[in-house]
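Here is the structure we will look at.
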Amino acid sequence: LEKMTDLVAVWEVALSDGVHKIEFEHGTTSGKRVVYVDGKEEIRREWMFKLVGKETFTVGATKTKAAINIDAVSGFAYEYTLEINGKSLKQYLENRLKTTNTWILNLGGTDYRIVLEKDTMDVWCNGQKMETAGEFVEDGTETHFTVADHSCCIKAVSSGKRKEGIIHTLIVDNREIPEAVE
């Protein structure tokens, strides 16, 4: 295993199917560019004469579009920016806070990361899209699923305030799980 000597950037990106690590090597003398996603080599280019540009690839089970932009700042200094779905990482993460809810919990000694995609009502647990059953109840909706023989339910209830919208709550074995901040 060759040592990553030209490692210039590392990002952690939280997607519905998990948190992914993106590493980028840029050999400014050799022109080499290597992109790793979760430790696996996705792109390798040797002897690139153009030291600036863009490398595009996908991340995770959902094949989310990603790109690393390489820009010259001054002289031999370079700036590396990561884009997810065409947005800067910062914009993507800000948007994600509005479109998803994430809960981290431990059941029987195992950690679980549960993500609700509010636009589709898809539920993900540790990288797997879950089989769910939705039902309308008196005060909103309930989305039921099972994690390691534990019954789980995401309750969606109107906050009564237009700006806040709908409040999503995860209940596992009749106890409320606090939302995680990623």
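Values below: every heavy atom of this structure, side chains too, minus hydrogens, waters and symmetry copies.
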Residue set satisfying side chain to side chain contact (heavy atoms under 4.5 Å, CB included) with Leu93, at least two apart, ordered chain then number -> Leu89
With sequence neighbours left out, what residues match Lys40 under salt bridge (charged side-chain N to carboxylate O under 4.0 Å, His left out)?
Glu42
Side chain to side chain contact (heavy atoms under 4.5 Å, CB included) filter on Val19, not counting sequence neighbours, yields Glu12, Ala14, Arg113, Glu182
Under 4.5 Å between any side-chain heavy atoms of Ser30 and Trp47, yes or no?
yes
Determine, using the 4.5 Å side-chain heavy-atom cutoff (strictly less than), whether Tyr92 and Leu97 are members of one ILVMFWY cluster.
no
Student check: side-chain heavy atoms of Ser74 and Glu79 closer than 4.5 Å:
no
According to a hydrophobic-cluster definition based on side-chain heavy atoms being under 4.5 Å apart (Ile, Leu, Val, Met, Phe, Trp, Tyr only), do Trp11 and Val8 belong together?
yes
Kindly compute the distance separating NE2 (His168) from OG1 (Thr102), expressed to the nearest 0.5 Å.
12.5 Å
Pairwise side-chain contact, Ile114 with Val123, heavy-atom cut-off 4.5 Å (strictly under)
yes
Could you walk me through whether Glu25 and Arg33 pass salt bridge (charged side-chain N to carboxylate O under 4.0 Å, His left out), step by step?
CA-CA 6 Å; Glu25 286 185 50; Arg33 295 182 192 174; over 6 Å; no
For Thr29, enumerate each residue passing the side chain to side chain contact (heavy atoms under 4.5 Å, CB included) test, keeping only those at least two apart in sequence or located in another chain.
none
Taking only residues two or more places apart in sequence or in another chain, which ones pass side chain to side chain contact (heavy atoms under 4.5 Å, CB included) with Asn69?
Lys54, Asp71, Thr81, Glu83
Nearest 0.5 angstrom please: Thr28 OG1 to Asp6 CG, how far?
7.0 Å
Identify, with sequence neighbours excluded, every residue that meets ring-ring contact (aromatic ring centres under 6.0 Å, His included) alongside Tyr80.
Phe24, His26
Other residues, nucleotides, ligands: >12 heavy atoms within 6.0 Å of Asp111 CG:
yes
Could you go through residues 144-157 and list every donor-acceptor pair under 3.5 Å that involves a side-chain atom there, pairing it with any protein atom two or more places apart or in another chain?
| unit_1 | atom_1 | unit_2 | atom_2 | d |
| --- | --- | --- | --- | --- |
| His144 | NE2 | Glu135 | OE2 | 2.8 |
| His144 | NE2 | Glu142 | OE1 | 3.1 |
| His150 | ND1 | Asp173 | OD2 | 2.4 |
| Lys155 | NZ | Glu142 | OE2 | 2.7 |

Same cluster or not: are Ile177 and Ile171 linked, directly or through other Ile, Leu, Val, Met, Phe, Trp or Tyr residues, by side-chain heavy atoms under 4.5 angstrom apart?
no
Min side-chain heavy-atom separation Val34-Glu46 under 4.5 Å
no
Sequence neighbours excluded and cut-off under 3.5 Å, please list the side-chain donor-acceptor pairs for residues 56-66, or say none.
| unit_1 | atom_1 | unit_2 | atom_2 | d |
| --- | --- | --- | --- | --- |
| Thr62 | OG1 | Thr64 | OG1 | 2.9 |

Should we say atom CD of Gln128 is surrounded by more than 12 heavy atoms from elsewhere, each under 6.0 Å from it?
no
dist Ile43:CD1 -> Arg45:CZ (nearest 0.5 Å) comes out at 5.5 Å
Same cluster or not: Val172 versus Trp124, using hydrophobic residues (I, L, V, M, F, W, Y) connected whenever any side-chain heavy atoms lie under 4.5 Å apart?
no
With sequence neighbours left out, write down each residue that passes salt bridge (charged side-chain N to carboxylate O under 4.0 Å, His left out) with Asp122, or none if nothing qualifies.
Lys129
I need the Leu170 CG to Asn101 CG distance, nearest 0.5 Å.
9.5 Å
Residues passing the salt bridge (charged side-chain N to carboxylate O under 4.0 Å, His left out) test with Glu176, sequence neighbours excluded, are none
Non-hydrogen atoms of Pro178 and Trp103 that approach each other most closely
O-CD1, 3.3 Å
Heavy-atom count around Glu131 CD within 6.0 Å, excluding the residue itself: above 12?
no
Hey, could you give me each pair passing salt bridge (charged side-chain N to carboxylate O under 4.0 Å, His left out) that has a residue in residues 86-95? Not counting sequence neighbours.
Lys90-Glu94
Run the salt bridge (charged side-chain N to carboxylate O under 4.0 Å, His left out) test against Lys50 and tell me which residues pass, sequence neighbours left out.
none
